[in-house]
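Have a look at the structure below, then the notes.
FYI, the numbering just counts along the sequence from 1. All ligand and atom numbering here is 1-based and tracks the order in the structure.
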Amino acid sequence: MLNNPSQDLSSRRLLLGVTGGIAAYKSAYLCRLFIKAGAEVQVVMTAAGTKFVAPLTFETITARPVYTEMFPERREVSPWHTELASWAELALIAPATANHIAKLACGLADDLLSTIMLTFDRARVLAPAMNHRMWANVATQENLRTVRARGFTILEPPKGDMARPGEDAGFGRMQEPEDIFHEVAHLLTTPRDLKGMRVLVTAGRTEEAWDPVRILTNRSTGRMGFALAEEAREHGADVVLVHGPTEVMPPAGVRAHAVVTAAEMSNAVRKEAPDADIILMAAAVSDYRFTDVSSEKIKKTKHSLSVPMKQTEDILANLPRVKPKQIIVGFALETENLLENALKKLHKKRLDLVVGNNPLQEGSGFGTATNEVMLISRDGSVEGLPLLSKREVAREILGAVVRLWHEKQPEIEKQKKPAPPRRRRTTSSARRKSANTKPKKTRV
Ligand code: CTP
């Protein structure tokens with residue numbers, strides 16, 4: 001069963017910003033989806049936004065006035081941009097134009113929406129929509145990096161047609177209203193059930209040097225681990241992320257440690273693991289390193305080459321286990337016998353859950369936005385998930401982790417309870433007791 005977020009948004013308060021892009025026509029339908037789910041939606045439009053869709057459209061859907069101006073002729077006395085900012089639980093801008101994203105990155109406040117956003121300190125989501133050349137522009141990408149680092153969630157535009165179907169295609173079109181609704185509903189309804197807990201995540205690849213120019217590494221991008229860190233943050237956890245070299249921005253709102261080698265990753269994990277309640281080991285750690293690292297570039301010769309290597313430490317198998325309540329999750333990357341090999345890793349590395357996947361399967365593994373995984377728990381239950389986005393996979397893993405956490409706590413409490421005082425038994429009652437003892441259940 002997929003861990004679907006609740007679609008009931010009764011009384012949840014949402015600010016919907018509409019800026020000037022053709023995708024604004026889709027925002028009317030998006031707005032209706034939120035209203036249908038029971039949310040209260042306050043729409044704020046920029047002047048350019050009103051050129052594409054009339055405020056009356058949104059007023060009719062929301063049964064509320066649409067705000068468009070910072071200084072309207074008739075206005076309430078209070079500073080209403082701060083009032084609107086403190087009313088909403090989440091601010092979504094859909095569509096978010098390149099111009100508006102640039103304003104957010106610079107902290108400009110030259111219209112009502114940008115002024116509200118400068119005072120808004122809760123969940124902020126952008127659904128960018130623009131021509132694919134504007135999206136690819138370095139300035140836009142830098143602005144996106146800036147706002148992402150400040151905690152904005154970006155609903156990345158998929159590849160597809162621009163304004164006129166068939167004319168021009170690329171990355172830049174706004175996500176479909178149903179997808180935006182789904183993401184926002186999830187953000188609004190994710191339970192803060194890991195509040196007060198520490199989650200340690202490892203992500204990405206490690207690199208082992210052979211000489212100053214050559215390294216041994218793998219194709220991991222860090223996306224799966226970053227999605228786990230983001231999801232744990234949404235559940236209210238205090239997240240520590242230990243990651244290897246990556247081209248992807250680590251998520252905002254987590255404590256990130258960048259490392260390069262397996263040994264560095266091991267040191268960082270050993271330091272953080274004792275305080276962690278949940279450990280999610282998604283990193284693709286190099287199993288070998290070069291025995292000798294040359295300080296000079298190694299020259300080629302006429303001969304073939306064998307280079308001696310040593311095993312690196314298995315960080316997961318050697319985790320310091322000081323907290324009995326800890327939940328430990330490992331990944332198993334297997335190109336054959338997935339279930340069998342993943343189960344072996346679960347037992348050998350003493351895990352609560354192992355996430356198995358096959359990088360050769362289409363849409364799975366390194367460098368893809370999606371993954372198809374199998375969740376195998378220590379009680380032997382196996383759950384195969386369909387092909388999902390890495391964020392959705394992370395959601396399922398966190399859901400399973402929270403369930404395992406709740407299952408483990410009563411077991412630990414039982415073990416902690418002092419044994420009842422021993423009563424002296426007569427020989428016959430002791431014999432009767434031993435005769436009644438049932439054999440312990442074992443699981444294969
Ligand atoms: N892992 C680790 N340290 C290593 C190797 C792996 O902590 N030196 C962790 C990974 O982060 C992952 C799990 O162990 O959670 C399994 O990793 P995987 O590469 O699938 O398996 P290995 O144990 O390396 O075994 P093999 O490569 O033989 O399949």
Side-chain angles (χ1 to χ4, degrees), residues 199-209 215-229 231-232 239-246 257-274 276 278-291 309-321 326-361 364-367 371-378 382 390 393-394 396-398 400-401 404:
V199 176
L200 170 62
V201 182
T202 67
R205 59 182 181 261
T206 57
E207 292 179 356
E208 306 298 329
I215 54 168
L216 175 71
T217 189
N218 58 64
R219 299 178 202 273
S220 170
T221 58
R223 281 198 173 86
M224 190 62 244
F226 288 2
L228 284 168
E231 194 57 26
V239 182
V240 181
L241 173 65
V242 177
H243 68 86
T246 173
H257 288 292
V259 297
V260 177
T261 63
E264 286 172 10
M265 185 168 277
S266 170
N267 285 341
V269 168
R270 279 181 175 279
K271 222 166 94 196
E272 297 291 345
I278 293 165
I279 302 179
L280 309 169
M281 301 283 281
V285 185
S286 179
D287 288 332
Y288 292 93
R289 65 180 171 81
F290 295 97
T291 308
M309 290 191 181
K310 271 187 177 165
Q311 263 193 23
T312 57
E313 181 197 343
D314 190 322
I315 307 170
L316 179 54
N318 295 311
L319 271 180
R321 289 160 196 255
Q326 251 171 1
I327 296 287
I328 299 177
V329 179
F331 276 67
L333 194 69
E334 309 292 343
T335 52
E336 53 186 353
N337 305 328
L338 177 59
L339 181 58
E340 194 188 321
N341 288 335
L343 260 172
K344 274 189 197 152
K345 282 180 189 165
L346 178 106
H347 293 302
K348 202 169 146 209
K349 303 196 187 197
R350 294 178 293 147
L351 308 177
D352 296 284
L353 181 78
V354 66
V355 182
N357 74 324
N358 180 347
L360 300 184
Q361 206 161 320
S364 284
F366 300 146
N371 215 352
E372 190 171 330
V373 306
M374 197 181 259
L375 305 186
I376 306 148
S377 309
R378 69 190 148 89
V382 179
K390 286 190 172 163
V393 172
E396 295 304 318
I397 294 171
L398 261 294
V401 164
L404 285 172

Quiz item: Under 4.0 Å from any heavy atom of Asp287, which atoms of ligand 1 are there?
Solution: 5 (C), 8 (N), 24 (O), 27 (O)
Quiz item: Does Ala282 offer a backbone N or O that forms a donor-acceptor pair with the side chain of Thr202 under 3.5 Å?
Solution: yes
Self-check item: Electrostatic pair Glu313:Arg270 at N-O distance under 4.0 angstrom
Solution: yes
Quiz item: Which atoms of ligand 1 sit under 4.0 Å from any heavy atom of Thr312?
Solution: 8 (N)
Quiz prompt | Check: Thr202 N/O within less than 3.5 Å of ligand 1 N/O | solution = no
Quiz item: Is there a protein heavy atom at a distance of less than 4.0 Å from atom 27 (O) of ligand 1?
Solution: yes
Exercise. Only counting residues at least two apart or in another chain, list the ones meeting ring pair (Phe, Tyr, Trp, His ring centres under 6.0 Å) with Phe226.
Key: His243
Quiz prompt | For Glu208, all residues meeting salt bridge (charged side-chain N to carboxylate O under 4.0 Å, His left out), sequence neighbours excluded | solution = none
Self-check item: Selection from Met265, Glu334, Lys345 by shortest heavy-atom distance to atom 29 (O) of ligand 1
Solution: Lys345
Self-check item: Option among Arg350, Lys349, Lys348, Lys345 that satisfies the salt bridge (charged side-chain N to carboxylate O under 4.0 Å, His left out) test with Asp314
Solution: Lys349
Practice problem: Spell out, as yes or no, whether a donor-acceptor pair under 3.5 Å connects the side chain of Thr312 to the backbone of Asp287. | Solution: yes
Quiz item: Judging by distance only, is a nitrogen or oxygen of Ala332 under 3.5 angstrom from one on ligand 1?
Solution: no
Exercise. Please state whether Ala283 comes within less than 4.0 angstrom of ligand 1, counting heavy atoms only.
Key: yes
Self-check item: Ile315 N/O to ligand 1 N/O under 3.5 Å
Solution: yes
Quiz item: Are side-chain heavy atoms of Arg289 and Leu216 found at a separation under 4.5 Å?
Solution: no
Quiz item: Could a heavy atom of Glu313 be found less than 4.0 Å from some atom of ligand 1?
Solution: yes
Quiz item: With only distance considered, is Phe331 within less than 3.5 Å of ligand 1 through an N or O on each side?
Solution: yes
Self-check item: ligand 1 atoms in contact with Gly330 (distance to a heavy atom under 4.0 Å)
Solution: 15 (O)
Self-check item: Candidates Ile327, Val240, Leu319, Val199 - the one meeting side chain to side chain contact (heavy atoms under 4.5 Å, CB included) with Ile279
Solution: Leu319
Quiz item: Does Lys349 have a heavy atom less than 4.0 Å from any atom of ligand 1?
Solution: yes
Quiz item: Hey, does the side chain of Thr246 reach the backbone of Thr221 with a donor-acceptor pair shorter than 3.5 angstrom?
Solution: yes
Quiz item: Judged by atom type as modelled, is there a donor-acceptor pair below 3.5 Å linking the side chain of Asn358 to the main-chain atoms of Ser364?
Solution: no
Quiz item: Has ligand 1 got any nitrogen or oxygen that is less than 3.5 angstrom from a nitrogen or oxygen of Leu316?
Solution: yes
Quiz prompt | Nearest neighbour of atom 2 (C) of ligand 1 from the list Asn357, Asp314, Ile279, Asn318, on a heavy-atom basis | solution = Asp314
Quiz prompt | Contacting atoms of ligand 1, where contact means under 4.0 angstrom from a heavy atom of Val285 | solution = 2 (C), 3 (N), 4 (C), 5 (C), 8 (N)
